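To keep things clear, I will list the structure first and then write my remarks on it.
By convention in this document, chain letters (A, B, ...) are assigned in the order of the sequence lines, proteins followed by strands, and residues within each chain are numbered from 1. Just so it is clear, the structure is predicted and the values come from calculations on it, not from any experiment.
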Number of protein chains: 2
Amino acid sequence: MKTKQVLNNSLIAKEPVSADNFTVGVSVDCVIFGFEACKLKVLLIKSDMPSYKDRWSLLGDIVKPGEDIDEAVSRIVKNRTGLNDVYMEQVRTFGKVNRHPEGRVITIAYCSLINIRHNELKIYDNELHWHDVNEIKEMAFDHKEILDACYYWLQYRMQEHPLGLRLLGTEFSLRDLQLLYENILDEKMDRRNFRKKFFSMGLLIDTGILESNVPHRPGKLYRFDYEKYGSMKRKKWLGIDF
Amino acid sequence: MKTKQVLNNSLIAKEPVSADNFTVGVSVDCVIFGFEACKLKVLLIKSDMPSYKDRWSLLGDIVKPGEDIDEAVSRIVKNRTGLNDVYMEQVRTFGKVNRHPEGRVITIAYCSLINIRHNELKIYDNELHWHDVNEIKEMAFDHKEILDACYYWLQYRMQEHPLGLRLLGTEFSLRDLQLLYENILDEKMDRRNFRKKFFSMGLLIDTGILESNVPHRPGKLYRFDYEKYGSMKRKKWLGIDF
DNA sequence: ACAAAAGTGTTCAACGTACACCCATGC
DNA sequence: GCATGGGTGTACGTTGAACACTTTTGT
């Protein structure tokens, strides 16, 4: 008879180990980034694994037999945030033999970027919270390692591709954008050069609207031209999707 | 009773599908690149799956329960080429539901770079051959897609990191190096600028030896300073290992 | 009027690109 | 001596980095 074991807040079918039974579990783990109050945040849930009691873990689940990997990620993101069509990208697969205490589980890590204000978290339902990425020390499983890899990936990737915009609302000031870059990359940037660089891409649409409720001269609000970007990204920025 | 099915020239344990049995197979597939006669080559084997009779496939195998993913890759590379300590890097995981005709198999693709002259292929043993990457049309499973992803990955990656050198012997002329880059990236380069760029890295060691048996002025042979590179790569070239 | 951030241009250094001639060897 | 590729330097354009003042709004 088969036994069920809890895997990262979900269920994985496990079988007694035998020479004939090469079962290896496959899961996905989603590193969902957000940005708020000048901090990069990641969405985590309390682990309910006994061996990782009170540790935080990424949002993950097993991949179902009839489900594509991307579908599994979409399902998890949808379940936890209420959002469809979220930007996501595969980052790396982690599979150390002992990474999961209940058996051999290989996990495919994905990175997602969402706007914190646009979600509908069911925080009451699970112990689901946004955490400052820079203040996370320990996590369940090897999730700290996965988070670090995704953070590093994000830092690298957003220097060549305008990914970071997905963390902002549809309308944003150049100040918002620069603060985002400065905080995620952890370096001060020159305002004039930053503006020049972004404008030179020709992908910012001036909405004509100004900020309001700021105690100083209001800045213009822009939108990102995703349509134009979609048609040009393979030229200027190499559309690397590996 | 469990049944065994051939998976990509090896064995995977499969079980009758039931609600309790969420078995998903996990394999690795190795894209082993070589370079010879000014062509980028990839090492392929004849598929012995009935549904892919006579198609070529990548070198792959299931990941064993007690084996790390990297170990599985090393094992496969060692088995097929006789080489230890080969350069390899994880590229991407492929897991479409129907990518394997015998069941759900998720595969983690790795890219390896070896020197064709330094291997000990057991070509008699299996139908194992080097193929011109640019002449491959159809392959078994989704292996063409995997190969394309790895080829693209290689092209992109070798523009920022001196990866290509792994495809050459320990001693090489700048001409060899330039032909390698020109052929893999499919673009002509200026000889003077190419030399300048490589020398400016400070990673080429002049062996003092000259080419022989060339019908023209012989060029100098160089070695790559892997030691120096190992200690500096996180500075100049960002040691991205995602 | 003052504080606070928006908005704007120029200069310089580094880097990549284009390009042409002499040199060493094998035949 | 001729063919073949080895080896070298300079000029130009582009790009990224450094840097300061005026403008607009809220208080």
Measure from [atom1] on [X] to [atom2] on [N] and round the result to the nearest Å.
X	N	atom1	atom2	answer
Gln178(B)	dG6(D)	CD	C1'	12 Å
Glu187(A)	dG16(D)	CD	P	14 Å
Met201(A)	dT15(D)	CE	P	13 Å
Lys220(A)	dT25(D)	NZ	P	12 Å
Phe194(B)	dG7(D)	CZ	C1'	15 Å
Lys188(A)	dA18(D)	NZ	P	14 Å
Leu179(B)	dG6(D)	CG	C1'	13 Å
Tyr222(B)	dG6(D)	OH	P	11 Å

Contact nearer the 5' end of DNA chain C, comparing Gly219(A) with His216(B) =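 So the residue in question is Gly219(A).
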
Hey, which sits more toward the 5' end of DNA chain C by its nearest nucleotide, Asp190(B) or Pro215(A)?
->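 It is Pro215(A) whose nearest nucleotide is closer to the 5' end.
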
Selection from dA17(D), dG6(D), dG9(D) that lies nearest to any side-chain heavy atom of Asn193(B) =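 In terms of side-chain proximity for Asn193(B), the closest of dA17(D), dG6(D), dG9(D) is dG9(D).
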
dT25(D), dA20(D), dG7(D): which one has an atom nearest the side-chain heavy atoms of Arg217(B)?
->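 Closest of the options to the side chain of Arg217(B): dG7(D).
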
Under 3.5 Å, side chain of Asp225(A) to main-chain N/O of Lys228(A), donor-acceptor pair present?
->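 It does hold such a pair.
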
Closest non-hydrogen atom pair between Leu167(A) and Gly34(A), with its separation |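 Heavy atoms only, the tightest pair is CD2-CA, 3.7 Å.
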
Where each residue is assigned the nucleotide of DNA chain D containing its nearest heavy atom, which of Pro218(A) and Arg192(B) is assigned the position nearer the 5′ end?
->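 That would be Arg192(B).
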
Return the 5'-most residue of the pair Glu211(B), Arg191(A) with respect to DNA chain D, ranking by each residue's nearest nucleotide.
->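 Residue closer to the 5' terminus by nearest nucleotide: Glu211(B).
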
Regarding [X], tell me which of base, sugar-phosphate or nothing describes its non-hydrogen contacts under 4.0 Å with the strands shown.
X	value
Arg195(A)	base
Lys197(B)	nothing
Arg175(B)	sugar-phosphate

Apply the test side chain to side chain donor-acceptor pair (under 3.5 Å) to residues Tyr229(A) and Glu227(A): give CA-CA distance (whole Å), side-chain angles for both, the deciding distance (0.1 Å), then the verdict.
-> CA-CA 5 Å; Tyr229(A) 174 61; Glu227(A) 194 174 342; over 6 Å; no

Would you please indicate if the ring centroids of Phe199(A) and Tyr222(A) are separated by under 6.0 Å?
->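 Yes, ring centres under 6.0 Å apart.
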
Ring centroid separation Phe198(A) to Phe194(A) under 6.0 Å =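 Close enough - the centres of the two rings lie under 6.0 Å apart.
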
Do we see a donor-acceptor contact under 3.5 Å between the side chains of Ser57(A) and Ser47(A)?
->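 No, Ser47(A) and Ser57(A) have no side-chain donor paired with an acceptor closer than 3.5 Å.
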
Using chain A heavy atoms and a threshold of under 4.0 Å, write down where along DNA chain C the contacts begin and end, 5' to 3'.
->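 In short, chain A contacts DNA chain C from dA4(C) to dT10(C).
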
Test applied, salt bridge (Lys or Arg N to Asp or Glu O under 4.0 Å); reference residue, Asp61(B); option that passes from Lys78(B), Arg75(B), Arg80(B) =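 The option that passes is Arg75(B).
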
